[in-house]
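FYI, side chains are in, hydrogens and waters are out, and symmetry mates aren't considered; it's all heavy atoms of this structure. Since the structure is predicted, the reported quantities are computational estimates derived from the model, not experimental observations. By convention here, the first residue in the shown sequence is residue 1.
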Amino acid sequence: QEWKNTVATWDPQDFCNISKVVLPTDTYWSPPIFILERVNGQNSNLDYMAVMHNGSFNSTQPFQVTLTCSLVILKFPFDTQTCNLSIASFLYPVTDLVMKTRRTPAEMMKDSQSYFLTDGEWKFTNLSIIEHIEELDDGEFSVVTYMISMERRPTLYILNLILPTCALYLLDMAVLFGPSSLEEKINFQIAIILGSSMLAVILNNILPTSSNKPPVIGTH
């Protein structure tokens with residue numbers, strides 16, 4: 001976070017050419033920031049800010065946060081999800097506090113890709129920033145929303161889910177239209193039904209449950 005305080009200024013030549021000091025966060029006013037989608041989080045112990053001689057304040061607060069995100073898994077496992085991270089300060093209206101982003105979405109995208117874990121289930125694809133005004137209780141507040149787009153890596157699900165399912169259905173069709181006797185077909189069908197039941201149990205543990213609509217592969 002960066003902001004300016006025209007009162008907290010000095011001439012470095014009058015103070016041994018000191019142009020920057022580091023002070024505790026509670027020494028001066030700092031904008032209270034909230035993440036709207038936050039469920040849980042762990043704040044850092046870095047309670048300091050840098051003050052420049054021209055009244056510029058710089059505060060860096062790294063922390064880990066868990067967010068809520070509405071998932072659409074209709075195309076699972078080839079789905080792409082978009083989650084929002086909205087930052088606002090509902091203690092000061094837009095007439096007193098306006099939040100702006102310092103870097104462009106392209107710069108934020110480049111930095112985010114360097115921090116994103118590339119060996120996980122998701123692939124970070126895009127980041128866009130929206131600055132808007134939100135009305136709440138007859139007041140208008142400045143909000144900055146980061147829209148994070150992620151694409152699921154489907155390789156694991158193709159090998160463990162789609163291919164076994166297709167193999168069972170192909171085997172079912174081959175047995176049904178094969179030249180074997182009725183008794184052999186019934187035995188094969190029972191074995192296939194047992195295999196499909198085991199696959200359904202595995203499918204229930206693999207498929208995401210946090211969605212209003214089930215995936216296509218779970219409805220057929």
Side-chain angles (χ1 to χ4, degrees), residues 1-71 80-118 120 122-150:
Q1 304 175 18
E2 291 185 0
W3 67 94
K4 276 195 174 184
N5 187 344
T6 57
V7 179
T9 59
W10 71 89
D11 188 356
Q13 296 181 356
D14 297 337
F15 299 93
C16 302
N17 293 326
I18 298 176
S19 60
K20 175 183 178 181
V21 294
V22 178
L23 300 174
T25 305
D26 55 358
T27 305
Y28 281 92
W29 175 88
S30 60
I33 300 300
F34 307 98
I35 299 178
L36 305 186
E37 297 84 2
R38 177 174 178 175
V39 175
N40 193 6
Q42 182 178 359
N43 296 332
S44 66
N45 296 324
L46 188 62
D47 298 330
Y48 292 90
M49 66 175 64
V51 184
M52 305 299 295
H53 70 281
N54 58 357
S56 177
F57 284 69
N58 189 313
S59 176
T60 302
Q61 295 290 335
F63 60 93
Q64 183 179 7
V65 62
T66 302
L67 307 176
T68 59
C69 182
S70 178
L71 299 181
T80 300
Q81 306 295 337
T82 300
C83 296
N84 295 339
L85 191 151
S86 302
I87 301 177
S89 179
F90 290 126
L91 297 182
Y92 298 95
V94 69
T95 55
D96 298 334
L97 178 63
V98 178
M99 295 191 300
K100 297 289 183 179
T101 55
R102 181 181 62 180
R103 288 175 289 182
T104 62
E107 294 174 344
M108 292 290 294
M109 176 74 178
K110 183 178 179 181
D111 293 341
S112 299
Q113 286 179 335
S114 62
Y115 291 112
F116 192 79
L117 297 177
T118 57
W122 296 94
K123 178 182 178 182
F124 184 63
T125 57
N126 189 31
L127 174 65
S128 58
I129 304 175
I130 300 177
E131 300 175 357
H132 58 100
I133 305 299
E134 185 170 332
E135 296 184 2
L136 180 65
D137 295 335
D138 298 331
E140 295 182 344
F141 302 90
S142 177
V143 181
V144 176
T145 301
Y146 295 86
M147 301 182 64
I148 305 169
S149 298
M150 298 177 294

Using residues 14-22 as the side-chain source, report each donor-acceptor pair under 3.5 Å to any protein atom, sequence neighbours left out, with the distance given to one decimal.
none

(request) Using salt bridge (Lys or Arg N to Asp or Glu O under 4.0 Å) as the criterion, list what pairs up with E131, not counting sequence neighbours. (result) K100
(request) Applying side chain to side chain contact (heavy atoms under 4.5 Å, CB included), name anything that partners T104, two or more places apart in sequence or on another chain. (result) A106, E107
(request) Can you run down the ring-ring contact (aromatic ring centres under 6.0 Å, His included) pairs that involve residues 89-109, sequence neighbours left out, and say none if there aren't any? (result) W29-Y92, F90-F141
(message) The criterion is side-chain hydrogen bond (donor to acceptor under 3.5 Å, both in side chains); which residues satisfy it with T145, sequence neighbours excluded?
(response) S86, H132
(message) According to side-chain hydrogen bond (donor to acceptor under 3.5 Å, both in side chains), who are the partners of N84, at least two apart in sequence or on a separate chain?
(response) none
(request) For T68, enumerate each residue passing the side chain to side chain contact (heavy atoms under 4.5 Å, CB included) test, keeping only those at least two apart in sequence or located in another chain. (result) E37, V39
(request) Report the residues that fulfil salt bridge (Lys or Arg N to Asp or Glu O under 4.0 Å) with D96, sequence neighbours left out, ordered by chain and then residue number. (result) none
(message) Suppose we screen for side chain to side chain contact (heavy atoms under 4.5 Å, CB included). Which residues come up paired with T25, at least two apart in sequence or across chains?
(response) S30, D47, M49, Q61
(request) With sequence neighbours excluded, tell me which residues meet side chain to side chain contact (heavy atoms under 4.5 Å, CB included) with I148. (result) F124, L127, M150
(request) Please identify each residue that fulfils ring-ring contact (aromatic ring centres under 6.0 Å, His included) with F57, with sequence neighbours left out. (result) W3, Y28
(request) Check side-chain hydrogen bond (donor to acceptor under 3.5 Å, both in side chains) between N54 and all other residues, then give those that pass, not counting sequence neighbours. (result) none
